[in-house]
Asks: 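Below are the structure tokens for one structure; questions will follow.
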Amino acid sequence: MYKVIENISQIGELLKDLQSTNLISLDVETSGLDPHTDTLILLQLKLLNNTYIIDARKFKQLDYIIALIKETHKTVIGHNIKFDLKFLYHNTGELLLDVYDTQLAETLLHAGLSRGFYPSLSFLCKEYVGVNMDKDAREIFIDNADIILTEKELIYSAMDVNYLLKIMESQMSKIRKEDLLEVFDLEMKLLPILAQVEYEGINFLESVWMSLYGKNLDELKNSEMNAINYLLENIDISKYKNAYEFSKDLDIRVTTKKLQSELESLQTEYILEWAKKNINIKSNKQVLNHLKLLGFDVNSTGILVLKPLREKGNYIDKILNFREYEKKISTYGENFLSYINKNTGKIHCEFNQIGTATGRFSSDSPNMQNIPADQEYRKAFIASPGCKIITADYSQAELRLMGAVSGEPEIIHAYVNDQDLHKKTATFLFDVDIDNVTKEQRQKGKNLNFGIIYGISKFGLLHTFGIPIEEGEVLLYKYFQGYKVLKEFIEYAGDMVWKNLYSITPLGRKRFFEEIDLFENNKEKFKYESRVKREGINHIIQGGSADILKQAMIDIYYDNPFGEDLKIRLQVHDELVLEAKEEIVEECKDFVVKKMLEAEQPFLGEIPAKVDYSIEDYWIK
DNA sequence: CATGAAAGCGCC
DNA sequence: AAAGGGCGCTTTCATG
């Protein structure tokens with residue numbers, strides 16, 4: 001059963017229980033998803049076998065309770081607890097730091113498995129406790145801040161904290177069995193940091209963004225007109241009897257019989273006018289037909305296919321030009337303003353700390369990890385008054401880590417002696433002295449270096465860089481003649497991944513692969529085996545690098561001597577964006593860089609860790 | 001009309 | 001034999 005708490009006189013038993021246990025199951029009910037604009041309605045706590053439901057609208061000493069839990073270092077168990085932390089932080093000013101998240105733990109235990117796998121609370125209750133949770137309490141409270149509580153709401157709310165401890169215990173035994181304790185610990189320490197980062201958001205200067213929008217909107221319209229005009233001038237309209245014939249060839253959808261007959265009666269001289277209005281070059285299906293009419297032999301309109309065929313002023317040039325602006329206007333235009341928080345005026349994206357199979361973050365609402373790298377866009381994300389933005393990123397984190405985990409002496413030697421690794425690779429590829437490497441040769445060296453991390457083949461080199469198959473084959477051969485130990489490592493690691501059906505980062509993060517028994521044929525099996533090896537090897541490097549930046553974030557946060565004067569704002573895979581008080585920004589930068597280097601160095605052996613940084617009024621690399 | 005897949009492309 | 005890793009957002013298009 002449960003006990004409802006509405007005022008201070010009712011907390012005696014709760015305080016007594018707090019002295020007897022270190023484990024608290026916790027959940028909140030709110031009127032919506034945004035801590036800045038929505039209302040905290042209930043806080044449910046389960047300690048030992050007692051469930052307390054605090055009506056946060058009436059109970060005035062919530063800050064006291066949360067501070068007590070925080071200061072006595074109780075472990076707070078929740079499901080997607082980042083959400084709860086943000087609401088509690090907003091309502092009490094206290095950020096709980098000792099947490100266990102059942103959802104995050106489950107994600108960690110299944111990293112890489114079954115796409116779209118979503119560990120909901122009801123799923124875990126069924127899985128670990130064998131209980132069917134018939135209804136989610138959350139929905140009852142949405143947009144219902146003034147709800148009058150009846151037994152129904154209270155029972156549902158109590159249910160949400162009822163099984164968390166049991167789930168945690170079962171998960172912990174799995175975590176130990178899988179030897180995931182260290183990475184688990186890393187994730188749980190990171191979690192509250194992200195709650196605060198998301199809660200605080202980053203300043204956004206709408207005027208900078210919208211002046212780009214205005215400029216790009218003109219460019220978009222021009223480029224669209226250019227493309228359509230070019231198309232209509234370069235295909236033979238006279239061969240079509242009427243507009244319907246033309247629409248079929250262009251694959252413009254004609255959905256009704258009525259429209260069809262109208263088009264059939266539209267004679268040749270009116271086709272152009274109609275076409276100008278109805279051709280949609282955002283439709284790649286249509287563009288593919290345009291290209292065929294213009295004599296290009298292509299089966300896709302993707303940039304990798306089109307780029308080699310691009311010539312200044314031809315249709316492909318015009319389409320690619322249009323697409324560039326279309327992206328800017330649609331994803332990075334007016335729509336983006338809807339992410340400005342009504343209360344704070346800032347952007348509060350979500351960071352999903354195990355948003356990927358490899359252990360990298362993902363970001364959404366908005367995705368702050370794919371904002372155009374142009375200075376002009378990033379200038380819209382600015383420091384608060386009296387503050388500066390520090391941008392700090394690892395230099396070639398993945399390549400350094402690849403050198404270290406493989407033990408490849410040539411890579412180690414290059415970094416130890418501060419050589420340009422891409423140039424060094426070029427010396428192997430083209431049998432030249434490092435001082436005589438041309439720009440083009442260095443570029444190919446770079447392509448190969450990154451390609452290797454991704455498990456590229458000679459076909460991939462053709463597809464991505466247009467390097468002919470024969471040349472690609474030679475380049476790969478020479479690459480591995482130069483980096484023999486790396487080649488051995490890749491082969492060994494691939495065999496291990498395929499044998500174990502998981503791969504593992506230096507910190508111990510695992511990425512799992514499905515066991516598939518039944519293959520239709522050897523071809524299918526070979527295909528899967530290749531994929532597992534490729535993705536598994538990549539996980540060691542990509543996931544290993546992710547571990548390092550996560551560790552750095554933890555060290556920066558928990559050792560921060562500057563308090564409120566230094567804050568993490570964003571994370572972009574190998575880069576941190578922070579904000580610091582102007583007067584002490586140099587010291588803050590030194591501290592951040594030091595912590596990042598210290599997090600990376602233990603994984604690099606002899607290879608020196610390296611961090612680049614900048615200090616500006618806005619986000620810039 | 002709603003929904004989901006696919007294509008395409010922004011970032012590291 | 002297959003043929004570069006990891007994401008999220010926007011648009012079109014097919015389906016029910």
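Excluded from the calculations below are hydrogen atoms, water molecules and symmetry mates; all remaining heavy atoms, backbone and side chain alike, are included. Naming: A, B, ... by sequence-line order, numbering from 1 per chain.
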Asks: I want to verify a distance call: between C/dT11, C/dG6, B/dG10, whose nearest atom is closest to the A/E535 side chain?
Replies: C/dG6
Asks: Which pair of heavy atoms, one from A/A111 and one from A/A357, lies closest together, and at what distance?
Replies: CB-O, 4.0 Å
Asks: Please identify which of these residues, A/R531, A/K525, A/K533, meets the salt bridge (charged side-chain N to carboxylate O under 4.0 Å, His left out) condition with A/E529.
Replies: A/K533
Asks: Are any of A/S300's side-chain N or O atoms less than 4.0 Å away from OP1 or OP2 of B/dA7?
Replies: no
Asks: Rounded off to whole Å, could you give me the NZ-to-P distance for the A/K550 and C/dG6 pair?
Replies: 15 Å
Asks: If you only use heavy atoms from C-beta on, which nucleotide in C/dT12, B/dC12, B/dC9 is closest to the side chain of A/N280?
Replies: C/dT12
Asks: Please report the distance, rounded to the nearest Å, between OH in A/Y454 and P in C/dA2.
Replies: 24 Å
Asks: Name the stems that DNA chain C belongs to, where each is three or more consecutive Watson-Crick or G-U pairs with both distances under 3.5 Å?
Replies: B:1-12 with C:5-16
Asks: Could you check A/R400, A/K424, A/Q396 and say which one makes a side-chain hydrogen bond (donor to acceptor under 3.5 Å, both in side chains) with A/Y415?
Replies: A/Q396
Asks: Within the structure shown, what part of the strands sits under 4.0 Å from A/E575 by heavy-atom distance: base, sugar-phosphate, or nothing?
Replies: nothing
Asks: Give A/Y332 one of three labels, base, sugar-phosphate or nothing, depending on what nucleic acid heavy atoms sit under 4.0 Å from its own.
Replies: sugar-phosphate
Asks: Determine whether any donor atom in the side chain of A/N370 lies under 3.5 Å from an acceptor atom in the base of B/dG10, or the reverse, and answer yes or no.
Replies: yes
Asks: Whole Å only: how far is the CD1 atom of A/I456 from the C1' atom of C/dA2?
Replies: 13 Å
Asks: Answer yes or no on whether A/R138 is positioned over the face of A/F83, meaning its NZ or CZ is under 6.0 Å from the six-membered ring centre and within 45° of the axis.
Replies: yes
Asks: Strictly below 4.0 Å: does A/K523 bring a side-chain N or O up to OP1 or OP2 of C/dA2?
Replies: yes
Asks: Consider the side chain of A/S362, meaning its heavy atoms from C-beta on, and name the nucleotide among C/dG8, B/dG8, C/dA3 that approaches it most closely.
Replies: C/dG8
Asks: Should the pair A/Y315 and A/H290 be assigned to parallel (<30°), tilted (30 to 60°) or perpendicular (>60°) ring geometry?
Replies: perpendicular
Asks: With distance as the sole criterion, do the side chain of A/Q542 and the base of C/dG5 form a donor-acceptor contact below 3.5 Å?
Replies: yes
Asks: Atom NZ of A/K379 and atom OH of A/Y618: how far apart are they, to the nearest 0.5 Å?
Replies: 4.0 Å
Asks: Would you say A/R360 places a side-chain N or O within less than 4.0 Å of OP1 or OP2 belonging to C/dG6?
Replies: no
Asks: With the side chain of A/H573 defined as its heavy atoms from C-beta on, choose the nearest nucleotide among C/dG8, B/dC12, C/dT10.
Replies: B/dC12
Asks: Find the distance A/K446:NZ to B/dC12:C1' and express it as a whole number of Å.
Replies: 12 Å
Asks: Using a heavy-atom cut-off of under 4.0 Å over every strand shown, decide if A/I371 touches base, sugar-phosphate, or nothing.
Replies: sugar-phosphate
Asks: Can you tell me which nucleotide in B/dG10, C/dT10, C/dA2 comes closest to the side chain of A/K527?
Replies: C/dA2
Asks: Remember a base hit wins even if backbone is also touched, and classify A/L462 as base, sugar-phosphate or nothing at under 4.0 Å, heavy atoms.
Replies: nothing
Asks: Ignoring backbone atoms, establish whether A/R511 has a side-chain N or O less than 4.0 Å from OP1 or OP2 of C/dG5.
Replies: no
Asks: Please determine whether any donor N or O and acceptor N or O are separated by less than 3.5 Å between the side chain of A/K327 and the base of B/dC9.
Replies: yes
Asks: Within less than 4.0 Å of OP1 or OP2 of C/dA14, is there a side-chain N or O belonging to A/K285?
Replies: yes
Asks: Does C/dT12 have OP1 or OP2 under 4.0 Å away from a side-chain N or O of A/S283?
Replies: no
Asks: Just how far, in rounded Å, is P of C/dC7 from NE2 of A/H539?
Replies: 11 Å
Asks: Drop me the distance from A/F519's CZ to A/Y528's OH, to the nearest 0.5 angstrom.
Replies: 6.5 Å
Asks: What's the closest nucleotide to the side chain of A/S457 if the choices are B/dG8, C/dG5, C/dA3?
Replies: C/dA3
Asks: Kindly point out which of B/dC12, C/dA3, C/dT11 is positioned nearest to the side chain of A/E326?
Replies: C/dT11
Asks: Taking atom P of C/dG5 as reference, at what distance in whole Å does atom CZ of A/F513 sit?
Replies: 11 Å
Asks: Whole Å only: how far is the CD atom of A/Q286 from the P atom of C/dC13?
Replies: 6 Å
Asks: Could you tell me whether the side chain of A/Q286 and the main chain of A/N280 form a donor-acceptor pair under 3.5 Å?
Replies: yes
Asks: So, is A/N335 near the phosphate of C/dC9, with a side-chain N or O under 4.0 Å from OP1 or OP2?
Replies: no
Asks: So, the side chain of A/R378 versus the backbone of A/P372: is there a donor-acceptor pair under 3.5 Å, distance only?
Replies: yes
Asks: Does a side-chain N or O from A/R531 land closer than 4.0 Å to OP1 or OP2 of C/dA2, or not?
Replies: no
Asks: For A/F351 and B/dC11, what is the distance between atoms CZ and C1' respectively, to the nearest whole Å?
Replies: 13 Å
Asks: Would you indicate what A/F465 reaches in the nucleic acid, counting non-hydrogen atoms under 4.0 angstrom: base, sugar-phosphate, or nothing?
Replies: base
Asks: Can A/E600 and A/Q551 be counted as having a side-chain donor-acceptor contact under 3.5 angstrom?
Replies: no
Asks: Taking the side chain of A/N367 as heavy atoms from C-beta outward, which of C/dA3, C/dG8, C/dG6 is closest to it?
Replies: C/dG8
Asks: Under 4.0 angstrom, heavy atoms only, what part of the nucleic acid is A/G451 near: base, sugar-phosphate, or nothing?
Replies: base
